[in-house]
Peer 1: 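Please find one structure pasted underneath; my questions will follow.
For reference, positions follow the sequence shown, starting with 1. Whatever order the structure lists ligands and atoms in, that order sets their numbers, starting from 1.
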Amino acid sequence: MSSQPPRTPPPPHEAAQRRDWPAYFDRMQGKPPRDTLLGALDAFAGSAPSEAPLAIDLGCGDGRDTTELLARGWRVWAQDSSDDALGRLRAREDCAAAESDGRLEIAHAAFENLRLPTGASLVNASFSLPFCPPAHFPALWSGIDTAIPPGGRFSGQLFGDRDGWATLEDRTHLARPQVMTLFDQYVLERFIEEDRPSAHAGEAHKHWHVFHIIARKRPLQGSA
Ligand SMILES: C[S@@+](CC[C@H](N)C(=O)[O-])C[C@H]1O[C@@H](n2cnc3c(N)ncnc32)[C@H](O)[C@@H]1O
């Protein structure tokens, strides 16, 4: 009898490449909130926009960022197109409680033709916007920009044109100057450009070209 070594489970990005969200969330279970969200929340500290400010969490997935927002007293409009993701979000006790008392609204919707609510102070989009098909990205970004008031923030990631997935037709990848243009009305509080090969060999190898961003929309002239 030959004893094969146990196969190492594929890395989560392989599942994300195929949009296999159940496999992706199985692999990511228990992960902490994203660093860009934490940075944005810290940036608001001491200048909370209101007692229970509203955040939009785009492509919220299984809720790793939504739960942090709720724990910090934010109301959340959490959006995703995956049934599996939203099932996992609702299975979290804190999210179920927040949905029933109105602190959490869950939107089962795609990025394509998405309408965002008004009144948010933060739009968070962790590793989700690259999955918007390119033809729909300009309208999606316009909606995001409209939803963020002067003094409000964006946190999240955009993927660059040197990323290994840039050849996939259903993904949005932007060159650095295009990213800069999106944020010309913002102060970039964090702008990290990751441009490196992954440590994985073989099929799991991927080149990462990712912009990690926290940005504050410039206040209107004459206000603080
Ligand atoms: C890589 S996951 C990130 C999830 C979560 N934000 C996180 O940081 O773990 C990408 C998410 O985008 C969602 N997504 C992909 N394409 C989408 C689309 N066209 N409309 C809405 N959501 C989409 C997926 O369902 C998934 O939850």
Peer 1: Can you find a pair of side-chain heavy atoms, one from D80 and one from H108, that are under 4.5 Å apart?
Peer 2: no
Peer 1: Give yes or no for whether the N/O distance cutoff of 3.5 Å, strictly under, is met between A16 and ligand 1.
Peer 2: no
Peer 1: Tell me, which protein residue and heavy-atom name are nearest atom 6 (N) of ligand 1, and how many Å apart are they?
Peer 2: G59 O, 2.7 Å
Peer 1: For atom 15 (C) of ligand 1, what is the closest protein heavy atom, and at what distance to 0.1 Å?
Peer 2: F131 CB, 3.5 Å
Peer 1: In terms of atom number and element, which parts of ligand 1 are under 4.0 angstrom from non-hydrogen atoms of S82?
Peer 2: 25 (O)
Peer 1: Kindly indicate whether the side chain of L116, heavy atoms from C-beta on, has any atom under 4.5 Å from the side chain of W77.
Peer 2: yes
Peer 1: Looking at E169 and R171, is any side-chain nitrogen of the basic one under 4.0 Å from a carboxylate oxygen of the acidic one?
Peer 2: no
Peer 1: For residues 126-135, which side-chain N or O atoms pair as donor and acceptor with protein atoms under 3.5 Å away, sequence neighbours left out?
Peer 2:
{"unit_1": "S126", "atom_1": "OG", "unit_2": "D65", "atom_2": "OD2", "d": "2.5"}
{"unit_1": "S128", "atom_1": "OG", "unit_2": "L58", "atom_2": "O", "d": "2.8"}

Peer 1: Can A109 be said to touch ligand 1, with heavy atoms closer than 4.0 Å?
Peer 2: yes
Peer 1: Which atoms of ligand 1 are found less than 4.0 Å from any heavy atom of Q79?
Peer 2: 21 (C)
Peer 1: At what distance is the nearest protein heavy atom to atom 25 (O) of ligand 1, and which residue and atom is it?
Peer 2: D80 OD1, 2.5 Å
Peer 1: Are W165 and H207 near enough that their ring centres are under 6.0 Å apart?
Peer 2: no
Peer 1: At what distance is the nearest protein heavy atom to atom 20 (N) of ligand 1, and which residue and atom is it?
Peer 2: F111 N, 2.9 Å
Peer 1: Relative to atom 8 (O) of ligand 1, which among R171, R34, K31 owns the nearest non-hydrogen atom?
Peer 2: R34
Peer 1: Looking at R64 and D57, does any basic side-chain N land under 4.0 Å from a carboxylate oxygen?
Peer 2: no
Peer 1: Distance under 4.0 Å to a non-hydrogen atom of Y24: what atoms of ligand 1 satisfy this?
Peer 2: 1 (C), 2 (S)
Peer 1: Run the numbers on F183 and W141 for ring pair (Phe, Tyr, Trp, His ring centres under 6.0 Å), then give the verdict.
Peer 2: CA-CA 10 Å; F183 290 98; W141 184 261; 5.2 Å; yes
Peer 1: Please determine whether any non-hydrogen atom of R19 lies less than 4.0 Å from an atom of ligand 1.
Peer 2: yes
Peer 1: For ligand 1, find out whether one of its N or O atoms is nearer than 3.5 Å to an N or O atom of A110.
Peer 2: no
Peer 1: Within ligand 1, which atoms have a heavy atom of S128 less than 4.0 Å away?
Peer 2: 12 (O)
Peer 1: Quick check on contacts: which atoms of ligand 1 are under 4.0 angstrom from a heavy atom of G61?
Peer 2: 4 (C), 27 (O)
Peer 1: Would E99 and R92 pass as an ion pair if we require N to O under 4.0 Å?
Peer 2: no
Peer 1: Does C60 reach ligand 1, in the sense of a heavy atom lying below 4.0 Å from it?
Peer 2: yes
Peer 1: Compute the shortest N/O to N/O distance between E112 and ligand 1 and return yes if it is under 3.5 Å, no if not.
Peer 2: yes
Peer 1: Determine, considering heavy atoms only, which of S126, C132, G156 sits nearest to atom 3 (C) of ligand 1.
Peer 2: S126
Peer 1: Under a 4.0 angstrom heavy-atom cut-off, which atoms of ligand 1 come close to S81?
Peer 2: 17 (C), 18 (C), 20 (N), 21 (C), 22 (N), 23 (C)
Peer 1: Do the charged groups of R176 and D161 touch, with an N to O distance under 4.0 Å?
Peer 2: no
Peer 1: Can F111 be reached from I56 by stepping across I, L, V, M, F, W or Y side chains whose heavy atoms are under 4.5 Å apart?
Peer 2: yes
Peer 1: When the side chains of residues 23-31 are checked against the rest of the protein, which donor-acceptor pairs come out under 3.5 Å, sequence neighbours left out?
Peer 2:
{"unit_1": "Y24", "atom_1": "OH", "unit_2": "R34", "atom_2": "NH2", "d": "3.2"}
{"unit_1": "D26", "atom_1": "OD1", "unit_2": "R88", "atom_2": "NH1", "d": "3.1"}
{"unit_1": "D26", "atom_1": "OD1", "unit_2": "R88", "atom_2": "NH2", "d": "3.0"}
{"unit_1": "R27", "atom_1": "NE", "unit_2": "P10", "atom_2": "O", "d": "2.7"}
{"unit_1": "R27", "atom_1": "NH2", "unit_2": "P10", "atom_2": "O", "d": "3.3"}

